[in-house]
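One structure is given here, and the rest of the page talks about it.
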Amino acid sequence: MEKLTIQEEEAMLAVWQLGKGFIKDFMDVLPEPKPPYTTLASTIKNLERKGFLASERFANANQYRAKVKEADYKKRFMSGFVDSYFKSSYKELVAFFAKDKKISAEELKEIINLIENPGK
């Protein structure tokens, strides 16, 4: 699974949010500033070509749905990100945010609790 561009990720977030829809539906949920309709249509077509989306034809328009689950993409992306920037160490990732004061002691306690009690 390849890494998506920022524009592709924004389009996929809209698709994941709605489940399925037409380009105008995705346009409605994109944040401002919205891309031109033709740019979004082109991005959606590229995502279909790359295997991230499937389409079904209705009259003169295609309805799109995700073929890749959001959680699967996040998992793959985060693994590659940690491998590339933190030497495959999630400890280094957390330490980076702790040193930069982007994560609080309370949040770290919550993370520890999630690790110790994964089913809860």
Side-chain angles (χ1 to χ4, degrees):
M1 180 184 317
E2 66 183 277
K3 170 81 174 85
L4 299 176
T5 67
I6 292 171
Q7 199 171 26
E8 290 170 336
E9 283 184 357
E10 287 177 352
M12 283 304 297
L13 287 171
V15 174
W16 286 321
Q17 180 182 342
L18 295 176
K20 63 182 177 181
F22 299 93
I23 292 172
K24 73 170 198 55
D25 300 323
F26 305 136
M27 181 68 81
D28 290 343
V29 299
L30 284 174
E32 294 291 342
K34 296 179 188 295
Y37 182 92
T38 54
T39 301
L40 178 59
S42 190
T43 302
I44 293 290
K45 276 297 197 195
N46 286 339
L47 288 165
E48 183 179 26
R49 184 182 46 76
K50 290 180 176 182
F52 282 84
L53 297 176
S55 67
E56 185 177 348
R57 191 89 173 149
F58 287 92
N60 62 344
N62 286 333
Q63 183 182 58
Y64 296 91
R65 65 171 177 75
K67 286 177 66 177
V68 174
K69 294 179 183 172
E70 183 176 12
D72 292 341
Y73 180 75
K74 283 181 183 178
K75 196 179 300 182
R76 178 68 73 99
F77 170 74
M78 284 306 297
S79 292
F81 178 77
V82 173
D83 290 348
S84 296
Y85 293 98
F86 297 98
K87 302 177 214 151
S88 301
S89 171
Y90 286 88
K91 177 185 166 195
E92 291 291 326
L93 171 74
V94 173
F96 171 82
F97 288 115
K99 287 176 190 169
D100 204 30
K101 297 186 171 130
K102 301 287 186 199
I103 190 167
S104 68
E106 188 59 37
E107 289 170 320
L108 284 172
K109 287 177 188 173
E110 290 175 25
I111 291 169
I112 291 167
N113 187 44
L114 286 170
I115 293 168
E116 291 175 344
N117 304 296
K120 294 182 181 180

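This chain uses plain numbering: 1 for the first residue, then up along the sequence.
- Clustering of Ile, Leu, Val, Met, Phe, Trp and Tyr side chains at separations under 4.5 Å places F58 together with F22.
- Across every non-hydrogen atom of L53 and A66, the tightest pair is CD2-CA, 3.8 Å.
- Rounded to the nearest 0.5 Å, atoms NZ (K69) and CZ (R76) are 14.5 Å apart.
- Here the straight-line distance linking atom CD1 of I44 with atom CE of M27 works out to 9.5 Å at 0.5 Å rounding.
- Remark: side-chain polar atoms of E107 are paired, donor with acceptor, to backbone N or O of S104 under 3.5 angstrom.
- With sequence neighbours left out, Y90 forms a ring pair (Phe, Tyr, Trp, His ring centres under 6.0 Å) with no residue at all.
- Within the model, atoms NZ of K75 and CD of E70 stand 12.5 Å from one another, a figure rounded to the nearest 0.5 Å.
- For the atom pair CD1 of I112 and CD of E110, the computed distance is 10.5 Å after rounding to the nearest 0.5 Å.
- In this structure, W16 and Y73 have tilted ring planes: the angle between them lies in the 30° to 60° band.
- Residue pairs that meet the side-chain hydrogen bond (donor to acceptor under 3.5 Å, both in side chains) test with at least one member in residues 52-65, sequence neighbours left out, are E48-S55, R57-N62, N62-Y64.
- For Y37, there are no ring pair (Phe, Tyr, Trp, His ring centres under 6.0 Å) partners, not counting sequence neighbours.
- Partners of T43 under the side-chain contact (heavy atoms from CB on, under 4.5 Å) rule, at least two apart in sequence or in another chain, are Q7, E8, A11, T39, L47.
- Once rounded to the nearest 0.5 Å, the distance linking CG of L40 with CZ of F26 reads 8.0 Å.
- Of the possible polar contacts, none joining the S42 side chain to the T38 backbone as a donor-acceptor pair under 3.5 Å is found.
- The two residues V68 and M12 make their nearest non-hydrogen contact at O-CE, 4.4 Å.
- Remark: E9 engages K3 in a salt bridge (charged side-chain N to carboxylate O under 4.0 Å, His left out) (not counting sequence neighbours).
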Q: Start with the C-alpha distance between I111 and I103, add both sets of side-chain angles, then the distance that settles side-chain contact (heavy atoms from CB on, under 4.5 Å), and finish with yes or no.
A: CA-CA 11 Å; I111 291 169; I103 190 167; 3.5 Å; yes
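- In this structure the side chain of F96 never reaches within 4.5 angstrom of the side chain of Y85, judged on heavy atoms.
- With rounding to the nearest 0.5 Å, the separation of NZ in K67 from NZ in K50 is 14.5 Å.
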